[in-house]
Each structure stands twice: as structure tokens, then as C-alpha cells.
Amino acid sequence: MDASASSSPLPDAPWRRKFQRQILAWYAGAARHLPWRENRDPYRIWISEIMLQQTQVATVRGYFQRFIAAFPMVADLAAADEAEVLRLWEGLGYYRRARQLHAAAQEIVAEHDGQFPRDFDDVLALPGIGRYTAGAICSIAYDAQAPILEANTIRLHARLLAYREDPTKTPGQRLLWQFAEHILPTSDVSSFNQALMELGSEICTPRNPQCDACPVATLCQARQENAVAQIPAPKKKMQYEDRVEVAIVVRRKKEVLLRQCGEGERWAGLWDFPRFQVASEADLVSGQLASQLQERTGLSAAIGSRLTTIKHGVTRYRITLHCHEAERASGRLRKDETAPLVWAAVDQLHDFALSTTGRKIARLLAK
DNA sequence: AACACGGGGAC
DNA sequence: GTCCCAGTGTT
């Protein structure tokens, strides 16, 4: 690397022009057809961007189609019940996104006359929309000159610059946001930003990137340094914590007991079978489970046989969930303002938004 | 700066 | 199994 290049990591104007040209030309022939690329409706772009947060394109496709069919416009979403929104979000995870989406739609109706805002700062002020999502919506829908930085472009830019530190830490983020802004063209920002993500997603992949097919390989510093495989630096290994939990299916004739998860807890707003942690497998004693159930629901019941055991992960926890039936419930349901309890008919469980484990249990009961 | 928040795709 | 995914909000 020469002295002028090392004085600043940010490229000069000729480099930028070439980069923009190559990126846009490549994207013109390589863009995937995705449901949210059918038009430039900011509402649709917004829905897709929220769904795509920490969620892969392949997973989002079906959810997006169903969601748009149910709520074609902002006003439809704003007018819906939160329960309906959550039901359509079931299985996608990060359910706060759905609730903030719903709240934002109502805010748009109340404060922006039902029109998705045009101004970057107004977009950024909506719940669930941060710097990336605001930039993505405004650039993609309006061609606003707003930079973006997310998983694909973090990796892409780190390689272009041969940035060897962790690009997700504060210094890396500062540099890469600056870079993302620096390379923006003066027109076609919509295509340009989407092209960057497409390139990161399809060519500049985490493992075995297809540098041979990359339109900007000659501009890539990591490639020149033969360090593509070492950049970005591997993240610290996630330290998982094993947990044992129990879910109780309390039956009363053709009904089962459900509990709505409260604010500030996991799956807030969703329904689930009464569920709690136990210290270890050794504590799966029916007496202890019964008293836990009594404490949480007010009901006394005998813990019955094990329905199933589900292993799943939630953020940093690896959970082994033992599901037991409970019969002959007696006593009065506890009135709990923060987490309502209801009896739900087994054949109506499809109307409730359940966590994925809850849905697995529900499916067993329907058989 | 560190953490919580879900679930599944891909290898 | 492990890593990763078109991040945001809170502490």
C-alpha cells in the first residue's frame, strides 16, 4: 500500500466513481426478484425492512406476502388489533418488531395523515426504526442520499477496506458508516444501496466468497492483501447457558389454560402455556411442579405424564423444555393484570399468537 | 459497552 | 453443533 492510500482509509473520487459504476452495472443484471421490489411503495419497503431485521430473506418472503395481503396500506395496519398483527408475525421471532410496527402505523395515521413520512428524521423517529432502517427506507423508496450499514455491508466494506479489527465494535462502526456515506452516488441511491446488500448477500458471503464473480474485486483491499478469508475478524464465541424449563398443559374438558406473556418478558404479547424454569432435571418432581403451577395460576392440579420434550434456543439460552399434562384442576384462576390467564378451546388455538414452542405443543393437542 | 430479544437457514 | 441473519432499544 502506498503512503497516500494509508493516510486515509477513505477512497478518492476516481475510485468512488468506478466503484459506483461497477456496482450499478452488476446489479442491473443480478438483482433478485423479491416481493418487496415490485414497486417503491414506502409502506411495503418499511414492512420488509422490519421483517428483515436479523432475519434471512428466505424466511421473510412468505411472511411478507401474507402480511401485505392482510394489511395492504398503513391505515389497514393501524386499524387492526394487535393480536391479529402478532398472529401474522407468529414464528418470525423478535415480536417487539410487530408491536412497534403496529404502534408506528397508528402514529403515522395520527401525525402524518396516514402518509408514510418523507423526511429522514420523521422516519427515524418512528418506533422500531433506527439509523439503518431509516436510511434503507428513505434511500430505497425515495432515492434519498442516506447511507446504510447492516450485516451484508459491514462484511463487504470491511473487506473493501481490509479493516482487520472487529467491524461491529464502536470504532469499526464509526469508520464504516463514514465509508458508507462517502461512497454514495448523487443519483440512483435506491439501486446503489440495494446493490451493496445484494453483493454482500450473494457474492461477498461470510464463507467462500465468490471473488471471481465480484464486480469490484479489483477495488478490494482485502483481495489485494490476500486476506479475504481473515476479514472480517471472527466474533467472540457466544457463551450459551443451559436451562431446564417446564410447560404445563392444564386441561379442563376440551379447553386448556393459556397465559399472555407480560410486558418486559420474553414473548411479550404472545400466549403460551404456563411455563417456568426449574433448577435442574433433578427438580422435575411432580409435587414441586404442582406448587409452582399453583403459585403462578392459583390452580391446584396433579401433574400427569410428559407430553414431549422440546429443545430450543432463545438468544443466549439453550433450553430443554419438558411439557407435562395436568388434570383435575381445582381452585380459582388468579387474577393477574400483567399476564392474563384464559381457558381456550383446543380447536380454537389457531386464533392465538403462540410462541413456536407453544405452537408445537398446541399441534400435539389437536391430534 | 453490554445485553435482551426468536427462530431458522446453511454448512 | 456452529455461525449467521437487510438491528433496535434499554441499561
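Residue numbers start from 1 in every chain, and the chains themselves are labelled A, B, ... in the order their sequence lines are given, proteins ahead of strands.
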Task: C:dA6 versus B:dA10 - spacing of their P atoms, nearest Å - done: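 After rounding to an integer number of Å, I get 11 Å for this pair.
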Task: Integer angstrom distance from the P of B:dG6 to that of C:dT11 - done: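 Taking atom P in both B:dG6 and C:dT11, they lie 16 Å apart.
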Under 4.0 Å, counting only non-hydrogen atoms across every strand here, what does [X] touch: a base, just sugar-phosphate, or nothing?
X        : answer
A:Thr133 : sugar-phosphate
A:Thr356 : sugar-phosphate
A:Trp36  : base
A:Ala58  : nothing
A:Arg37  : base
A:Arg155 : sugar-phosphate

- [ ] Identify whether NZ of Lys or CZ of Arg in A:Arg61 sits under 6.0 Å from the centre of the six-membered ring of A:Phe64 and within 45° of that ring's axis.
- [x]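 That pair does not qualify as a cation-pi contact.
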Please check the phosphate of [N] (OP1 and OP2 only) for any side-chain N or O of [X] closer than 4.0 Å.
X        : N     : answer
A:Trp46  : C:dA6 : no
A:Lys169 : B:dA2 : yes
A:Arg316 : B:dA4 : yes

Open item on the list: Nearest heavy atom decides the nucleotide; on that basis, is A:Ala268 or A:Lys236 closer to the 5' end of DNA chain B?
Closed with: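 Result: A:Lys236.
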TODO: When you get a sec, tell me which of C:dA6, C:dG7, B:dC5 is the closest nucleotide to the side chain of A:Thr315?
DONE: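 Of C:dA6, C:dG7, B:dC5, B:dC5 is nearest to the side chain of A:Thr315.
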Open item on the list: How about CD on A:Gln115, more than 12 heavy atoms from neighbouring residues, nucleotides or ligands closer than 6.0 Å, or not?
Closed with: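 Atom CD in A:Gln115 is not packed in, count stays at 12 or less.
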TODO: Is it possible for you to say whether A:Leu88 and A:Val74 belong to one hydrophobic cluster, with membership spreading through side-chain heavy-atom contacts below 4.5 Å?
DONE: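 Yes: a chain of side-chain contacts under 4.5 Å links A:Leu88 to A:Val74.
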